[in-house]
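Order of the sequence lines fixes the chain letters, A, B, ..., with proteins taken first and strands second; residue numbering starts at 1 for each chain.
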Amino acid sequence: MKLNPEMRRRLLERGVAETIVESELVELLERGEPLRLKMGFDPSAPDLHLGHAVGLRKLRQLQELGHKVVVIVGDWTAQIGDPSGKSATRPMLTAEQVLSNAETYLAQFFKVVDRDRTETRFQSDWFGPFGLADVIKLTSRFTVAQFLARDDFAKRFQSNQPIAITELLYPLMQAYDSIAIESDIEFGGTDQKFNLLVGRDLQRMMGQRPQQCILVPILVGTDGVRRMGKSLGNYIGLDEPPNDMYGKVMSLPDVSAAMDELADEGGAKSRYTVIDYFDYLTDAPSEELEEMRLGMESGSVNPMDLKKRLAREIVAQFHDHAAAREAESHFERTVQRREMPDDAPTYKIPADLDGKRVSDIIVAAGLASGSTEARRLIDQGAVRLDDQRLTENGPAASIKAGGALRVGRRRIVRLQ
RNA sequence: GGAGGGAUGGGUGAGUGGUUAAAACCACCAGACUGUAAAUCUGGCGUCCGGAAGGGCUACGUAGGUUCGAAUCCUACUCCCUCCA
């Protein structure tokens, strides 16, 4: 089966930062035999976000051509921690934790990836019985210099930052995974390039056909600056309710301030975050992306409208179209028109309000974390009772059932 | 084994005896503005009491000590890093 240019572009360019080796990869795909697509994950961080979805979409596309995904639960490498992460070593997870995390992970994973064309494997299958002799055999194939070629190791070495020996093991273990499952193509973010290449090398050394690598770009987070990541608090989780997902997309900065290094990693491609998101996470035709860019450049398109469309498409993808429409109208009502959302929680006003002030009720209703904050919010003019802005922390007796108490735009309760 | 450096609020990081609930920046929250939860501008940002003015309490790795007064000085401990071997 010959890949036509259209397909080739869709498969190997959209949402792909780099392929290694492109010519081999194309040849392999055209051969038509079912391939094993390797995707590993770290069960210590089981939450998936849009950044992961970029790669998952790619897996899905290839599944639709008849290939098989092999997802590896990295229960051994999780104990080491990926060197690109901050903390070198992590606490061991118990077998139960691994299992439950894996479940959480896979539930999200299969929102995008086809479960029927997926095989799930645990690293402990092959690393459980791995002995010191095996470790020595494995490590003896590589040198320190080879590993210092890796950018983040090199940087840390030069700046006298610590590199744990176990961290050197990480790429080796990941590489061995490729041997264990006989991977044909491995997927990872561009920051995984080194690890994937070690897999290639090791396979060659051990007489397997070296895997191809598909490196997906790093998605910029909702701050528009750094890569999307849970610890950075700038992520949109695949699990999030439609309204949050929609709102978070709307909070993307119109113009990205993505750091240069993110661009180096094959991340931010345009200065408009929205366009990168459309590019990596939707099927919007590539010509349209260019129109969007021109439209924003010339000012003829309001970025908000593009973000709304993006938000709809993303919510539809991870929930459904009805949820997307619902989330949009929720956004329009509560944020744009500041109306009362239908799903606002209710709060039962206590019978005895003697001596209580509005600030006490705000805290009791969970609209502020403490009385200091509640008072502060009142001072700042953030508190509205039945659409009337409160200017002072009056007695709670003014609070009547049937109305609404609102703090800022998003915190609101119906009074009962 | 030896020598040295460090540990500050969610993060980075100033601060070497009182004017420090602790600079600055980031994040976060709120207000204004806006067809965006964008951008920009303004304010806030330990906690408790108080309508307010104001007042408590807790906090600079841990435990003690010196002092009228300590994030700042001393002692011990824990952890981290660097260099030499």
Applying the Watson-Crick and G-U wobble criteria at under 3.5 Å, what pairs with [N]? Answer none if nothing qualifies.
N	answer
G1(B)	C84(B)
G44(B)	C28(B)
A23(B)	none
U62(B)	A76(B)
A71(B)	none

[X] near the nucleic acid: base, sugar-phosphate alone, or nothing, with a heavy-atom cut-off under 4.0 Å?
X	answer
G370(A)	sugar-phosphate
R389(A)	sugar-phosphate
F331(A)	base
N243(A)	base
R409(A)	base
E392(A)	nothing
T372(A)	base

Whole-angstrom distance between [N] and [M], as gauged at atom [atom1]:
N	M	atom1	answer
A53(B)	A59(B)	P	26 Å
U36(B)	A22(B)	P	37 Å
G46(B)	A21(B)	C1'	7 Å
U62(B)	C68(B)	P	25 Å
G35(B)	C49(B)	C1'	45 Å
U16(B)	C73(B)	C1'	9 Å
U72(B)	U8(B)	P	13 Å
C41(B)	C25(B)	P	12 Å

Please give, in whole Å, the distance from [N] [atom2] to [X] [atom1]?
X	N	atom1	atom2	value
I412(A)	A30(B)	CD1	P	13 Å
R376(A)	A30(B)	CZ	C1'	10 Å
E328(A)	U36(B)	CD	C1'	12 Å
E332(A)	U34(B)	CD	P	19 Å
D379(A)	G44(B)	CG	C1'	10 Å
L310(A)	A38(B)	CG	P	16 Å
N393(A)	G51(B)	CG	C1'	7 Å
Y235(A)	C28(B)	OH	P	13 Å

(request) For L252(A) and for A382(A), find the nucleotide of RNA chain B with the closest heavy atom, then tell me which residue's nucleotide is more 5'. (result) A382(A)
(message) Pick the closest RNA chain B nucleotide for M304(A) and for R411(A) by heavy atoms, then say which residue is nearer the 5' end.
(response) R411(A)
Check every atom of [options] against the side chain of [X] and return the nucleotide holding the closest atom.
X	options	answer
S251(A)	G35(B), C49(B), A38(B)	A38(B)
R375(A)	A32(B), U36(B), A52(B)	A52(B)
Q380(A)	C33(B), G43(B), C49(B)	G43(B)
S371(A)	C48(B), A38(B), C29(B)	C48(B)
L377(A)	G35(B), A30(B), A38(B)	A30(B)

(message) Is R357(A) close enough to G50(B) that one of its side-chain N or O atoms is under 4.0 Å from OP1 or OP2 there?
(response) no
(message) Checking the side chain of Q212(A) only, and the main-chain atoms of V21(A) only, is there a donor and an acceptor separated by less than 3.5 Å?
(response) yes
(message) Using a 3.5 Å distance criterion without hydrogens, assess whether the side chain of N195(A) forms a donor-acceptor pair with backbone atoms of P171(A).
(response) no
(request) May I ask you to check whether F130(A) and Y176(A) place their ring centres under 6.0 Å from each other? (result) yes
(message) Quick check on the 6.0 Å ring-centre criterion: do F127(A) and F122(A) meet it?
(response) no
(request) Hey, can you tell me if F331(A) and Y246(A) have their rings parallel, tilted or perpendicular (30° and 60° cut-offs)? (result) tilted
(message) Over 60° means perpendicular and under 30° means parallel, so tell me whether H49(A) and Y235(A) are parallel, tilted or perpendicular.
(response) tilted
(request) Establish whether the base of U36(B) is bridged to the side chain of D254(A) by a donor-acceptor pair shorter than 3.5 Å. (result) yes
(request) Please check if any side-chain donor atom of Q317(A) sits under 3.5 Å from a side-chain acceptor atom of R57(A), or the reverse. (result) yes
(message) Counting neighbours of CZ on R115(A) that are heavy atoms of other residues, nucleotides or ligands and sit closer than 6.0 Å, is the number greater than 12?
(response) no
